[in-house]
Chemist: 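Provided herewith is a single structure, encoded as structure tokens, for subsequent inquiry.
Throughout, protein chains are lettered first and strands after them, A, B, ... in sequence-line order, and every chain is numbered starting at 1. Note that the structure is predicted; figures quoted are calculated from it, not measured.
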Amino acid sequence: MTQKNRLIGGQIDRNATLNFTFDGKNYTGHPGDTLASALLANNVRLMGRSFKYHRPRGPLTAGSEEPNAIVELRSGARQEPNTRATTAELFDGLSAKSQNRWPSLAFDAMAVNDRFSNFLTAGFYYKTFMWPAAFWEKIYEPIIRKAAGLGSLSMQTDPDEYDKGFRHCDLLIIGAGPAGLNAALIAGRSGAEVILADEDFRMGGRLNAETFSVAELEGADWAAQTAAELSAMPNVRLMPRTTVIGAFDHGIYGAVERITDHLAASPTGKPRQILWRIYAKQAVLCAGATERPIAFENNDRPGIMLSASMRAYANRWATTPAQRVAIFTNNDDGHRTAQDLHAKGVKIAAVIDTRPDAPSSMDYEVLQGAQVADTKGRLGLTFVEVVRADGTNRTIECGALGVSGGWNPNVQLTCHQRGRPIWKEGLAAFVPGGTLPSGMSVAGAAVGTFTTHGALKSGADAVRKALGLKGRAPAVPEAEDAPVNQTPFWYVTGCSRAWLDQQNDVTVKDVKLSHQEGFRSVEHLKRYTTLGMATDQGKTSNMGGLAIMAELAGKSIPEVGTTIFRPPYTPTAIGTLAGRMRGKEFHPTRLTPSHFWAKERGAVFVEVGNWLRAQWFPLPGETHWRQSVDREVLATRSSVGVCDCTTLGKIDVQGTDAAIFLNKVYCNGFAKLAVGKTRYGLMLREDGIALDDGTAARLAEDQFVVTTTTANAARVYQHMEFVRQCLMPQADVQLISTTEAWAQYAVAGPNSRKLLQKIVDAEFDISNEGFPFMACANITVCGGLRARLFRISFSGELAFEIAVPSRYGDALMRKLMAEGEEFDVTPYGTEALGVMRIEKGHAAGNELNGTTTALNLGMGRMVSKAKDSIGSKLAERPGLNEPDALMQIGLRPVNRDDKVTAGGHLMNALGPVDAAHAQAYVTSAAFSPTLGCMIGLGFLKDGGNRNGEKLRLVSPVTDLTVEVEVVSAHFVDPEGERVRA
Amino acid sequence: MIINHPLLGPRDSAEFVYLGTSNLMDRPDPETATPEDWHDYAYLRDNPAGPHRELWFHEGGDRSILIVTRDTTTHEISSVELARNPGAQV
Amino acid sequence: MHDLTAITALGGIAPQVDTVGEVTLSEVPDVALASVAARLRKESTCAAQLKALLGGPPPQAGRAKLGEPYAAVWLGPDQWMLSARFETHQDIAAQVKTKLGDTASVTEQTDAWCCFDLTGPNVRAVLELLCNIDLLRFETGHATRTSIHHLGCLVVCLDKGQSVRILGPRASAGSLHHAITTAMASAL
Amino acid sequence: MRYSGFKVIKEALTGHKGWLPAWRDPEPKAHYDIVIIGGGGHGLATAHYLASVYGQHRVAVVEKGWIGGGNVGRNTTIIRSNYLLDGNEPFYEFSLKLWEGLEQDLNYNAMVSQRGIMNLIHSDAQRDAFVRRGNAMILNGADAELLSEAQIRQEYPFLNFDDARFPIKGGLAQRRGGTVRHDAVAWGYARAADRRGVDIIQNCEVTGFRVENGKCLGVETSRGFIGAGRVGCAVAGNSSRLMEKAGMRLPIESHVLQAFVTEGLKPVLPGVITFGAGHFYVSQSDKGGLVFGGDIDGYNSYAQRGNLPVVEDVCEGGMAIMPMIGRARLLRMWGGIMDMSMDGSPIIDRTHVDGLYFNGGWCYGGFKATPASGYAFAHLLARDEPHETATAYRFDRFRTGHMIDEKGMGNQPNLH
């Protein structure tokens, strides 16, 4: 029998044995165990070290409020730091390591801090380590950081998968103790859609930890029976292993369901955890209560734990931290622990009760009006020093001490929308108060109803109220209803190294110092001492700190106030909150209609927003991207090239007022655009800054096709909806995006018409006369496929854009390549596209950067004065029209071999080089194969009048300074003859 | 948050794009407005702590722009209308 | 007849089919789509024309009208998405426009979307991992815009708990397909 | 009382009896030369520089709650001066220089830790923009360094290089950037100002301004009227509410920004990393928690709490760029109120009321600006003229069209 401290009974499956290791040592446990219960059964009390002083620690609790017994669970990429041994379900092959210790848990060199604790008081670091300044990063901080932190990450990619989902219900019940189970029963029978969530893997809450009976059954059996009945109801969904982490606005709850954490490995395709967003019309919080400790000297030794947790270990997990235990209590609940452990054959050394009138017992000694003054035992409790009512001392030998200071309702979720709990004098505890999250009510111990009967009843009442159930209330199952007498007793007088926050090592002494130094508000106390900031979120520590601060300030606890509880209720894995949105699936990917063809061609792709676009098409033998891009440019300018420009936004604008509408959103005129014609348009934001540019093609009197830049497609569409619905509600205009409906290709170059004539059906005349520059039409291609043709050019060459339904895009591209062979047709990518637009001086994203006006872009005259359009008025502000306003210009290096860099700043040929003397900056740059040198576009103060001037382009961050000349932005075909050819 | 869409019922606010104060619908009359009017329209905000009439664009839904009256201190929503015809009973 | 071969949104010649357990996801290319938006102050005449076309009043908010040759889904105020078999309605926009004349703006939407049918018992378990729909109340003939892994989709309930049709942006068909099949593997 | 290692040792050996309150708790006087409204980082810094640089000693800071309870106590602690525009960069660089000498100036260890800040680059357009920014920084006397993908791999091997939706193509680093223990900034300024005679008056809410024929004579408070020669408002998150009492409508919307911290972990992050393409930035505190955040929720709010969609958005960004944090647990999330200005840049200026001055609209850049904001505001209050680094932060810039729009998003505050 290796499990030395295993008791009789309990809700574990003794028929199966599970092997596991802790710090490399082998142990056994049973299904139903947690890591902590199994270790205790194996007589292991020491499970961790504290954060600051590295004090030896064992479990304080048996639940998710645990501050001490936190370990690194699993190993390799699945290593999970700071995992509570008290909630980690045992599985066969589980391996765990203790953390924040070196070299070993039993001997931790850093424990020396404990010796120097007098120097390491609250906030000491704010008062030193200041000289010399440079030493902070070099010396002090590295030492502090080395000591910082608890567990460690594996630094490997988390191999597990996570899901996120949505569930809707009429009623969400949080917590499946007596209140929650009875509530669910009544709600379920009413036919409502119910979700019952509990963080534990076994429904029942405290019923599993107590020996009470409910309706003549063992509490645990009643819980199991009720859970079974609920699971048979189609309208009730039981969610065990599910922690509701947050209550968000309007009845939206975040809940984390642990799917495979209790398994050795996840089945493929199955998530480790799921984040559920639960949409609940009503919610009943039955989260129970947390027992609170009493502060006394050295109250943090392994073996000292909360009394009700000790009871839970005995009753539910059939284990005890030691064979000889004592209890320190200020209320009757501590006596229950003594009774239950005694009944299971554990020797009760004594019950130390602060109350002079404490009940006595036949089975063990009760020390009335006594207090624990101190404790002994380096790695685990051996003795407690007791001061009796008459002031005499007594040493009691025991391996464990159960401490019971009363209970605090678990009000956390009621505070998530900044509701403030209120103080209930009778209970000496905070209960839910203020404005609760909409639709939330609270029942059971969470609202301060601590008896089993009371919990069952208040659960029932809350549900009937929430669902508006009429008729006679069903009978409440028979259960104990002993009166609760909870009197405040926070700490033993005169103690100083008495722990309040066991993980962060905040003692009574620290709170007193904080008060002495003027950090007296709860927020200051918390921040100065780090009280309640540990992984247990202050569940067992906040109240003690508050109580002491209140006493020092001579105020009542509610006057001192409570810190706000924030989500999550328990710490939540980041992976769970991210779900599937990681790696390549972080954002959806948009593929162009020619993608699969381009892939065959060996294209190199680039991310453009969510789009993947062909960047260039390397040919065999081309070793550098520039070779491919230069070839694509020259081939297009000399014969014909094809580029997939489907990604440009396309918005179908229809209605009898479509032209009036576009006249409002574009700063230039559109009212008189003829059917069959396309026009370049510039859109301004209302603040007068350029929003986007593109073309609008008038396919019919009442129909336009508007194109936007790839980057701004969604924003422009939204902007047009705002104008339509909010500014022009009486205009007859309808909008819809058709971006992905059409595969649209630019066919550019002197031979583009010849190529298209082989594709476009004969009845359509696309000669220069029949289809001049800026013409547009609905046509058919390849023997009757409907298509759209636009004669527009981004490259500056004779060019067309042709569009067919997307499903035919792949075929059309292949057709263009085949028919184009005689012209050596060349597919080109976004790089060549970019080079050609710079050569032509077209503004793009780098120029439309959200701070430039039509004037800056050299389109000042485009802004029509004859009409009102969005942005035209605020564009007239003086600051946007100064005499030396920035103007778009072209740049070329004076020395043809020099580099031109986008992002470089422009300085006068002479004079200082600094921000104050900058003449503006370079927006775009590229090597122009056409001109045989690098060229750039940029903005320049008074740029309109500085043609031919020599400037210095400086880019210190890329270590570049070159002499450049200001030239026209239109490097190629400035007169625009080619596009009209 | 949940916005009770006049046509579609309760929808998660994540489906919407927030466009700011509903005052943006009161664009100055280009014929008569002064530069000061344009400045105030484009740049000044009441920014109340309390009920706030604001525009939410249902981009992930029916593309309606809604006028939502929401308390900025509690996030409580007291009314929702279609911007295109406010007050309309649907 | 033209000589261009269509490919499906997922890039195949034949539609893709995936099955996990008893649930099947099938790509459905044989769908033609056109959006219809009533012109201002012609809403009622447009609705009347649609009634004739659909053999019943056009669907209200959140609803679809299933049927042949035309089915319709409510898109927005006085706005619908009409669908028909692609085989017979390649030029659906033109066909519908001739019926509705100047009472409505009609726009071809066929290839703006990809279309998947998800069928089998426990479709609900898959959908609840994908989109925020109250599936308890998602009845046959209900339809809604929703977001699936950041993709704006249109989900139509063809048979409660048994079969839904999911329209998503065509260019992201691969991402949508991956999202659905992953959820199938996870939930089933 | 001076803080020092020796003092700490002495007190340790003598039972810590000698520690005095870090600042006094005085009753408000009837009149001060200057009253600052707002006991946050900016207000307290203003008081400190008024006393230490501008020789003003009859100064009070009035705070409606406890000092340091606003954004200085709820931010993600980052300091940097990596700005693009001339209106901003000199100011933030001035601020960074003040950070560098802060602890000696205050005799308080705020743990100014210059472990560097790194902005990741994911596209050519982004590189062009960051090159321009890096150049602007250097030309303004700050430091900037453009890193290649290879250099990033070297320094941050745990980032997602090989399975990334948006591959890392480089980064713009500012080595002098870093983090500061945020609460200590408020306490340090408070203590230093207090030692120079500044009255820090907590739990004293301003209920109105007393204005007679265009001149501000003082403030009405929950503890009575307090006369003042000049009144400076530095109440981030409450600017519109406060200035409304002076009859002003501001070019400001208040929005909620959420921030997050994980459980304590052994050190993994060298400095601050920002992943703009994924709305995620992160650093690691000296206690070991990963401190991270992303975008604002995007709607007007004074509720100091956010909602799940942004929590998920931020964590998605985190997992996309640092997939090794999947098993790190989020410990706490909270919200702060950002006064988002119409161009994303702050305002430090006079108002239409004589003797009433305003400091606000910091969006979520307020913390790193704390020293310079306090310095510049002190200058304005003491000299009635803007500090040389803050001349652009005028109210009327929207009237004249001199916006300072780093992000190029225009008059839509929630996009800045």
Side-chain angles (χ1 to χ4, degrees), chain A residues 80 82 118-119 124 126-130 141 144-145 148-150 152-153 155-158 248-249 254 513 516-518 521 523 527 535 566-567 571-575 577-578 581-584 586-587 607 685 687 689 845-846 849-851 877-880 902-903 905 914-915 921 955-957, chain D residues 3 5 8 12 16 19 21-22 66 69 86 103 108-109 113-114 125 128 131-132 134-135 138-140 144 146 158 163 165-166 183-184 263-268 286-288 307-308 311-312 315-316 318-320 323-334 400-402 405 408 410-411:
Chain A
E80 195 185 323
N82 308 331
N118 227 359
F119 300 85
F124 78 96
Y126 298 128
K127 301 166 180 169
T128 178
F129 303 138
M130 284 176 273
E141 188 175 43
I144 291 172
R145 287 178 77 82
L150 297 161
S152 47
L153 292 171
M155 300 307 282
Q156 300 172 53
T157 295
D158 185 349
F248 299 95
D249 281 314
L513 180 63
Q516 178 183 337
E517 297 196 69
S521 83
E523 288 300 317
R527 291 150 186 272
T535 62
R566 303 181 182 284
T572 304
I574 292 174
L577 292 162
M581 307 295 141
R582 51 184 282 199
K584 291 260 186 271
F586 172 46
H587 279 196
E607 297 76 15
R685 302 188 308 228
D687 67 356
I689 304 294
N846 285 20
N849 62 17
T851 64
R877 287 175 289 175
L880 301 175
H905 292 230
D914 57 30
Y921 57 98
S955 179
V957 81
Chain D
Y3 286 159
V8 169
H16 298 283
W19 297 119
W66 300 93
D86 293 340
E103 285 137 339
Y108 204 86
N109 184 1
S113 172
Q114 296 180 282
D128 295 348
V131 168
R132 183 185 160 204
N135 286 328
I138 293 170
L139 291 169
N140 277 290
L146 197 70
F158 50 81
D163 180 39
R165 175 70 179 80
F166 301 108
D183 294 318
E263 299 177 331
L265 299 161
K266 291 295 172 199
V268 294
D286 283 340
K287 239 176 134 264
N307 278 292
L308 261 181
V311 181
E312 296 177 36
C315 291
E316 288 168 6
M319 281 300 282
M324 54 58 153
I325 61 174
R327 302 176 103 81
R329 294 195 197 87
L330 173 64
L331 176 61
R332 222 171 22 254
M333 51 200 258
W334 63 94
T400 60
H402 292 91
D405 190 347
N411 60 331

Chemist: Chain D heavy atoms under 4.5 Å from A:Gln516: which part of the residue, side chain, backbone, both or neither?
Modeler: both
Chemist: Do D:Phe166 and A:Phe586 make a side-chain contact, defined as non-hydrogen atoms from C-beta onward lying under 4.5 Å apart?
Modeler: yes
Chemist: For each of A:Ile144, A:Asn849, A:Asp687, tally heavy-atom pairs with chain D at distances under 4.5 Å, and name the one with the top tally.
Modeler: A:Asp687
Chemist: May I ask you to name which of A:Pro878, A:Ala573, A:Gly850, A:Gly149 has the most heavy-atom pairs under 4.5 Å with chain D?
Modeler: A:Gly149
Chemist: With a 4.5 angstrom heavy-atom cut-off, is it the side chain or the backbone of A:Arg527 that approaches chain D, or both, or neither?
Modeler: both
Chemist: Measure D:Phe158 against the heavy atoms of chain A and call it side chain, backbone, both or neither at under 4.5 Å.
Modeler: side chain
Chemist: Could you check whether any side-chain N or O of D:Asp405 sits under 3.5 Å from a backbone N or O of D:Gly410, counting only pairs where one atom can act as donor and the other as acceptor?
Modeler: yes
Chemist: Compare all side-chain heavy atoms of A:Met155 with those of D:Val268 and state whether any distance is below 4.5 angstrom.
Modeler: yes
Chemist: When only pairs under 4.5 Å are counted, which of A:Glu80, A:Arg145, A:His587 shares the most heavy-atom pairs with chain D?
Modeler: A:Arg145
Chemist: Just give me the residue among D:Pro267, D:Gly408, D:Gly288 that pairs up with chain A most often, heavy atom to heavy atom, under 4.5 Å.
Modeler: D:Gly408
Chemist: Not counting sequence neighbours, which residues clear side chain to side chain donor-acceptor pair (under 3.5 Å) with A:Arg877? List them please.
Modeler: B:Tyr43
Chemist: Do you know which of D:Glu316, D:Arg329, D:Glu312 has the most heavy-atom pairs with chain A at a distance under 4.5 angstrom?
Modeler: D:Arg329
Chemist: Identify which part of A:Asn82 has an atom lying under 4.5 Å from any heavy atom of chain D, answering side chain, backbone, both or neither.
Modeler: both
Chemist: First locate atom OG1 of A:Thr535, then atom CZ of D:Arg332, and finally report the distance between them rounded to the nearest 0.5 Å.
Modeler: 10.5 Å
Chemist: In terms of heavy-atom proximity below 4.5 Å to chain A, should D:Asp183 be classed as side chain, backbone, both, or neither?
Modeler: side chain
Chemist: Using salt bridge (Lys or Arg N to Asp or Glu O under 4.0 Å) as the criterion, list what pairs up with D:Lys266, not counting sequence neighbours.
Modeler: none
Chemist: What heavy-atom pair brings A:Ala578 and D:Cys315 nearest, and what distance separates the two atoms?
Modeler: CB-O, 3.6 Å
Chemist: Would you mind telling me which of A:Ser152, A:Gly845, A:Ser521, A:Ala902 has the largest number of heavy-atom pairs within less than 4.5 Å of chain D?
Modeler: A:Ser521
Chemist: May I ask you to test the D:Arg132-A:Asn846 pair for a side-chain heavy-atom distance under 4.5 Å?
Modeler: no
Chemist: Look at D:Gly318, D:Ala125, D:Ala22, D:Gly69 and state which one has the largest set of heavy-atom pairs under 4.5 Å with chain A.
Modeler: D:Ala22
Chemist: Heavy-atom pairs under 4.5 Å with chain D: which of A:Thr851, A:Leu577, A:Thr572 has the most?
Modeler: A:Thr572
Chemist: So for D:Ile325, is it side chain, backbone, both, or neither that comes closer than 4.5 Å to the heavy atoms of chain A?
Modeler: both
Chemist: With a 4.5 angstrom heavy-atom cut-off, which part of A:Leu513 approaches chain D: side chain, backbone, both or neither?
Modeler: side chain
Chemist: At what distance, to the nearest 0.5 angstrom, does CH2 of D:Trp19 lie from CZ of A:Phe124?
Modeler: 11.0 Å
Chemist: Considering only heavy atoms and a distance below 4.5 Å, find which of D:Leu146, D:Asn307, D:Val8 pairs most often with chain A.
Modeler: D:Asn307
Chemist: What residue, out of D:Asp128, D:Asn140, D:Leu265, has the most heavy-atom pairs lying under 4.5 Å from chain A?
Modeler: D:Leu265
Chemist: Relative to chain A, which of D:His16, D:Gln114, D:Glu103, D:His402 shows the most heavy atom pairs under 4.5 Å?
Modeler: D:His16
Chemist: With side chains defined as the heavy atoms from C-beta onward, is the minimum distance between D:Asn135 and A:Pro956 less than 4.5 Å?
Modeler: yes
Chemist: Any idea which of A:Lys127, A:Glu141, A:Arg582 has the most non-hydrogen atom pairs under 4.5 angstrom with chain D?
Modeler: A:Lys127
Chemist: Kindly give the heavy-atom pair with the smallest separation between A:Met130 and D:Asn109, and that separation in Å.
Modeler: SD-N, 3.4 Å
Chemist: For A:Tyr921, is it the side chain, the backbone, both or neither that has a heavy atom under 4.5 Å from a heavy atom of chain D?
Modeler: side chain
Chemist: Atom CE of D:Met319 and atom CE of A:Met581: how far apart are they, to the nearest 0.5 Å?
Modeler: 12.5 Å
Chemist: Heavy-atom distances under 4.5 Å only: say whether D:Asp86 touches chain A with side chain, backbone, both or neither.
Modeler: side chain
Chemist: Distance check, rounded to the nearest 0.5 Å: A:Gln156 atom CD versus D:Met324 atom CE?
Modeler: 11.0 Å
